[in-house]
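In what follows, every heavy atom counts, from backbone to side chain, and hydrogens, waters and symmetry copies are set aside. Residue numbers run from 1 in the order of the sequence given.
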Amino acid sequence: MLRSRFVALLVVAIWFAIAPAALKLYSESCPLGQVYSHAQDHAVSSCPVSADQPRSASRNAAVMNGVDVLEHDNFKELRASDPSTVRTVGIITNHTGFDVEGRRTIDVLAKAPGVRLTAIFSPEHGITGELDVDSVGNSVDRATGVPVYSIYGETAASRHPPENVLKKLNVLVIDIQDIGSRFYTYESTLGYALESAAATGTEVVVL
């Protein structure tokens, strides 16, 4: 019994003595992103990340928000084919609408070439996401001076973008990042907007 315990302790001690060196040697022989083979079965597998390797990998692509795609394409999805024509644009958005640099989609569109931002529509909780009320009122965006029309209220009619405003727009942009939680109303906001845009013939671009 004592001999078995002694042998077990000896094995553990030897393991802790040689493991760091073995791990370092193994890591150096198997750089991140390469492959290694099992001597016993000659199988080839991906190198695992070891303790002394950086937990990073080279990027071969970039993830962009919808507004980043617009910026990258110089807003061609919103602009007219005639460069001299300026198209009027409205946007449904809130605090989740921003580009990779952290700029609001509202501010990006306000400075975009070939378009003029003339209307902002605020969903539940307003464009800043801070209003926990049953009905959001109209206002004006301080940074751009563009009027903000509420599309959240107690009736179905109040949850549709006003058609008299939509009729003045060439394009309605929708930029709200959904979180997949169904008690949020942003999915129905999109549905109501599509209904109103269909009635007025307004083009819709969903980011």
Side-chain angles (χ1 to χ4, degrees), residues 59-83 85-131 136 138-153 156 158-207:
R59 293 183 177 182
N60 60 4
V63 177
M64 298 189 293
N65 292 336
V67 64
D68 296 311
V69 177
L70 287 182
E71 291 181 275
H72 180 269
D73 294 341
N74 199 27
F75 304 92
K76 69 178 183 180
E77 292 86 355
L78 308 182
R79 300 171 66 177
S81 55
D82 182 0
T85 301
V86 177
R87 303 185 81 197
T88 55
V89 175
I91 183 171
I92 298 177
T93 191
N94 60 7
H95 57 292
T96 68
F98 55 87
D99 69 3
V100 71
E101 300 295 334
R103 296 173 295 186
R104 296 188 310 166
T105 303
I106 292 172
D107 300 319
V108 172
L109 293 184
K111 298 178 181 178
V115 301
R116 183 172 68 253
L117 182 65
T118 60
I120 301 170
F121 302 94
S122 64
E124 183 181 8
H125 305 304
I127 59 173
T128 62
E130 298 174 333
L131 302 177
V136 177
N138 296 335
S139 60
V140 175
D141 180 59
R142 293 181 180 179
T144 62
V146 177
V148 180
Y149 301 93
S150 171
I151 51 172
Y152 182 73
S158 65
R159 297 175 185 177
H160 285 74
E163 292 187 7
N164 64 323
V165 179
L166 282 183
K167 289 178 180 178
K168 301 176 183 179
L169 303 178
N170 297 119
V171 186
L172 175 63
V173 177
I174 301 176
D175 189 16
I176 298 177
Q177 296 185 31
D178 186 46
I179 65 169
S181 180
R182 291 286 64 84
F183 61 81
Y184 271 65
T185 58
Y186 302 136
E187 188 177 62
S188 61
T189 296
L190 171 62
Y192 290 139
L194 293 176
E195 290 177 353
S196 295
T200 60
T202 306
E203 181 182 342
V204 177
V205 174
V206 181
L207 304 185

> Minimum heavy-atom separation for Arg103 to Val108, with atom names?
Replying inline: CB-CG2, 4.1 Å
> Is a donor on one side and an acceptor on the other found under 3.5 Å between the side chain of Thr202 and the backbone of Leu166?
Replying inline: yes
>> With a 3.5 Å distance limit and no angle check, can you tell me whether Asp141 reaches the backbone of Thr144 through a side-chain donor-acceptor pair?
In response: yes
> Mind checking whether Val148 and Val140 have side chains closer than 4.5 Å, heavy atoms only?
Replying inline: no
> Yes or no on side-chain contact (heavy atoms from CB on, under 4.5 Å) for Val89 and Thr118, after CA distance, side-chain angles and deciding distance?
Replying inline: CA-CA 6 Å; Val89 175; Thr118 60; over 6 Å; no
>> Run Glu71 and Asp99 through side-chain contact (heavy atoms from CB on, under 4.5 Å) and show every step you take.
In response: CA-CA 9 Å; Glu71 291 181 275; Asp99 69 3; 3.0 Å; yes
> In this structure, which one of Ile92, Val206, Ile91 forms a side-chain contact (heavy atoms from CB on, under 4.5 Å) with Ile176?
Replying inline: Ile92
>> To check you understand the geometry: which heavy-atom pair defines the closest contact between Ala197 and Val204, and what is its length?
In response: CB-CG2, 3.4 Å
> Do we see a donor-acceptor contact under 3.5 Å between the side chains of Thr88 and Asn170?
Replying inline: yes
> How far apart are the closest heavy atoms of Ile127 and Phe121, and which atoms are they?
Replying inline: CG2-O, 4.5 Å
> In Å and rounded to the nearest 0.5 Å, what is the OG1 to CD distance from Thr105 to Gln177?
Replying inline: 8.0 Å
> Would you find a donor on one side and an acceptor on the other, under 3.5 Å apart, between the side chain of Asp73 and the backbone of Phe75?
Replying inline: no
>> What's the separation between atom CD in Glu124 and atom OG1 in Thr185, rounded to the nearest 0.5 Å?
In response: 3.5 Å
> Is the shortest heavy-atom distance from the side chain of Leu172 to the side chain of Val205 under 4.5 Å?
Replying inline: no
>> Would you say CD of Glu195 has more than 12 non-hydrogen atoms from neighbouring residues, nucleotides or ligands within 6.0 angstrom?
In response: yes
>> Could you check whether any side-chain heavy atom of Ile106 comes within less than 4.5 Å of a side-chain heavy atom of Arg104, counting everything from C-beta outward?
In response: yes
> Which heavy atom in Pro123 sits nearest to a heavy atom in Asn94, and how many Å separate them?
Replying inline: CG-CB, 4.2 Å
>> Please tell me whether Thr93 and Asp175 have a donor and an acceptor in their side chains that are separated by less than 3.5 angstrom.
In response: no
>> For the backbone of Val67 and the side chain of Asn65, can you confirm whether one donor and one acceptor N or O come within less than 3.5 Å of each other?
In response: no
> Got a second to check how far Glu77's CD is from Leu70's CG, nearest 0.5 Å?
Replying inline: 5.5 Å
> Backbone N or O of Gly114 within a donor-acceptor pair of the Arg87 side chain at under 3.5 Å?
Replying inline: no
> Going by atom types only, do Ser196 and Glu163 share a side-chain donor-acceptor pair under 3.5 Å?
Replying inline: no
>> Looking at Arg79 and Ala112, would you say the former's side chain and the latter's main chain have a donor-acceptor pair under 3.5 Å?
In response: no
> Minimum heavy-atom separation for Tyr149 to Ala119, with atom names?
Replying inline: CE1-CB, 3.8 Å
> Can Val171 and Val173 be said to form a side-chain contact (heavy atoms from CB on, under 4.5 Å), step by step?
Replying inline: CA-CA 6 Å; Val171 186; Val173 177; 4.3 Å; yes
> What is the distance from atom OG of Ser150 to atom CD1 of Ile120, rounded to the nearest 0.5 Å?
Replying inline: 13.0 Å
> With a 4.5 Å heavy-atom cut-off, do Leu78 and Leu109 have their side chains touching?
Replying inline: yes
